Amino acid sequence: MVIRAYGTFRLDAGFPGWDGSEHGARLLQSELASQVQLSDALRMPLRTIAGFSAADTDDGRVRAAAVLLDVQTLEPLHAEVCKFPAPLPYVRELLGFRALPAMLETLSALPREPDLAMVEGHGIAHPRRCGLATHFGLASGLPTIGVARGRLAGAFVEPGPLEGEASRLRDGDQQIGWAVRTRSESPPIFVSPGHRVSLAASLEYSLQMQCGHRLPEPVHLARRLATQPDEWARPRRRGMRDTHSSRLV
DNA sequence: GCGACAG
DNA sequence: ATCTTGTCGC
């Protein structure tokens, strides 16, 4: 696959500049965070968006899923699932190192690059501003938004009770994302820029992709595919091309 | 006992 | 990530 940023990152070579240790991972995150772009680099009009999610497999690897959707209709156009060995056990704040390789495999397997990527996990709403979605954005070069179900960094006041209400997620005097009420009866989700997307746009696109679930539709579908690949195999949506990757599964 | 917990 | 009971609403 084409790696446009992240130095000379290659899947077969691992993370450049990482010695494999947890401490080294934290150092690299701080370095990567300085490369994040918080201005919008979206090609308008937006035609496609892809959701990405990762889960553990029973054999200790990581299973990632990607779902490509039409931005206008939110209909899924294509889906991919890949498995990849985990470079690290799960460590809080270091999820990017564990899940990124599998996720990049699903991206490279898509028939075309999406105009925007939405990753389940935090973007800059991370202690060192380098969550999974930021790793993904820097590695792929794609405009990327992070969407997470739980808070990792920052503080927020509870957003209003109605769908679409949001409040700032802030760390000290800096805003690092949003707490967003996507369903009136559910706790808020946490949205932040991954790379090449502004704070404002990250919120706007998350709300635009809402489809009745707590998570925006691209991430909702990717999560379902990553955590319950068997369920997905059963028919549920028309117009869906079943194109599971077999190369690495 | 209670809060916190990215995937 | 995953396991777990019961409940409510469409």
Side-chain angles (χ1 to χ4, degrees), chain A residues 15 22 25-26 29-30 32-33 36 50-67 81-107 117-139 144-156 158 161 163 169-171 176-180 182-195 202 206 210-216 218-232 236:
Chain A
F15 293 76
E22 292 186 18
R26 290 184 162 82
Q29 284 183 329
S30 297
L32 290 169
V36 172
F52 297 84
S53 180
D56 287 0
T57 66
D58 46 18
D59 63 354
R61 289 185 293 170
V62 174
R63 176 172 49 241
V67 178
V81 179
C82 294
K83 293 177 182 175
F84 202 90
L88 261 191
Y90 174 74
V91 178
R92 202 168 103 87
E93 302 178 7
L94 301 184
L95 178 62
F97 288 84
R98 182 171 173 80
L100 181 64
M103 258 183 201
L104 291 179
E105 281 289 350
T106 65
L107 171 62
M118 193 170 278
V119 172
E120 188 187 14
H122 291 286
I124 63 169
H126 176 280
R128 286 170 299 282
R129 310 291 177 265
C130 195
L132 171 58
T134 292
H135 279 274
F136 183 97
L138 289 171
T144 305
I145 295 172
V147 176
R149 292 169 299 149
R151 188 197 63 88
L152 178 61
F156 66 101
E158 194 72 18
E163 292 180 20
L169 179 64
R170 50 184 43 170
D171 194 355
I176 58 176
W178 305 91
V180 188
T182 53
R183 293 205 312 193
S184 53
E185 67 283 7
S186 303
I189 64 170
F190 300 89
V191 173
S192 62
H195 183 47
S202 68
S206 298
Q210 280 306 131
C211 212
H213 307 286
R214 182 154 92 110
L215 291 171
V219 172
H220 171 77
L221 292 178
R223 174 178 160 75
R224 282 193 51 138
L225 185 51
T227 59
Q228 310 173 32
D230 301 335
E231 281 298 313
W232 184 282
R236 53 176 303 278

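Chain naming here is simple, since letters A, B, ... match the order of the sequence lines and numbering starts at 1 in each. The shown structure was predicted, so the numbers you read here are calculated from the model rather than taken from an experiment.
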Check whether any side-chain N or O of [X] sits under 4.0 Å from OP1 or OP2 of [N], and answer yes or no.
X      : N     : value
A:Y90  : B:dA6 : yes
A:R151 : B:dA6 : no
A:R223 : C:dA1 : yes

Grab the [atom1]-[atom2] distance between [X] and [N] for me, whole Å please.
X      : N     : atom1 : atom2 : answer
A:R92  : C:dA1 : CZ    : C1'   : 15 Å
A:F156 : B:dA4 : CZ    : C1'   : 12 Å
A:M103 : B:dA6 : CE    : C1'   : 11 Å
A:E93  : B:dC5 : CD    : P     : 11 Å
A:L95  : B:dC5 : CG    : P     : 15 Å
A:F52  : C:dA1 : CZ    : P     : 18 Å
A:H135 : B:dG7 : NE2   : P     : 15 Å
A:L225 : B:dG7 : CG    : P     : 17 Å

| note | Side-chain contact check for A:R98: nearest option of C:dT2, B:dA6, B:dG7 is B:dG7
| said: So, taking the atom named CG in A:L221 and the one named CZ in A:R224, what distance separates them when rounded to the nearest 0.5 Å? | reply: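 Going from CG on A:L221 over to CZ on A:R224, the span is 7.5 Å.
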What is the nucleic acid contact for [X], judged by heavy atoms within less than 4.0 Å: base, sugar-phosphate only, or nothing?
X      : value
A:A54  : sugar-phosphate
A:G150 : sugar-phosphate
A:L94  : base
A:T57  : nothing

| Ring-on-base stacking B:dA6 with A:F190 (under 5.5 Å, under 30°) |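 So no, this residue does not stack on that base, at least one cut-off failing.
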| query | In terms of side-chain geometry, is the basic nitrogen of A:D171 or A:R129 positioned less than 4.0 Å from the acidic oxygen of its partner? | reply | yes
| request: Pick the C1' atom in B:dC5 and in C:dT2, then give their distance to the nearest Å. | output: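 Comparing C1' positions in B:dC5 and C:dT2 gives a spacing of 14 Å.
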State, to 0.1 Å, how close [X] and [Y] come at their nearest heavy-atom pair, and which atoms those are.
X      : Y      : value
A:W178 : A:L169 : N-CB, 3.8 Å
A:E120 : A:V219 : CB-CG1, 3.6 Å
A:A66  : A:F52  : CB-CE2, 3.4 Å

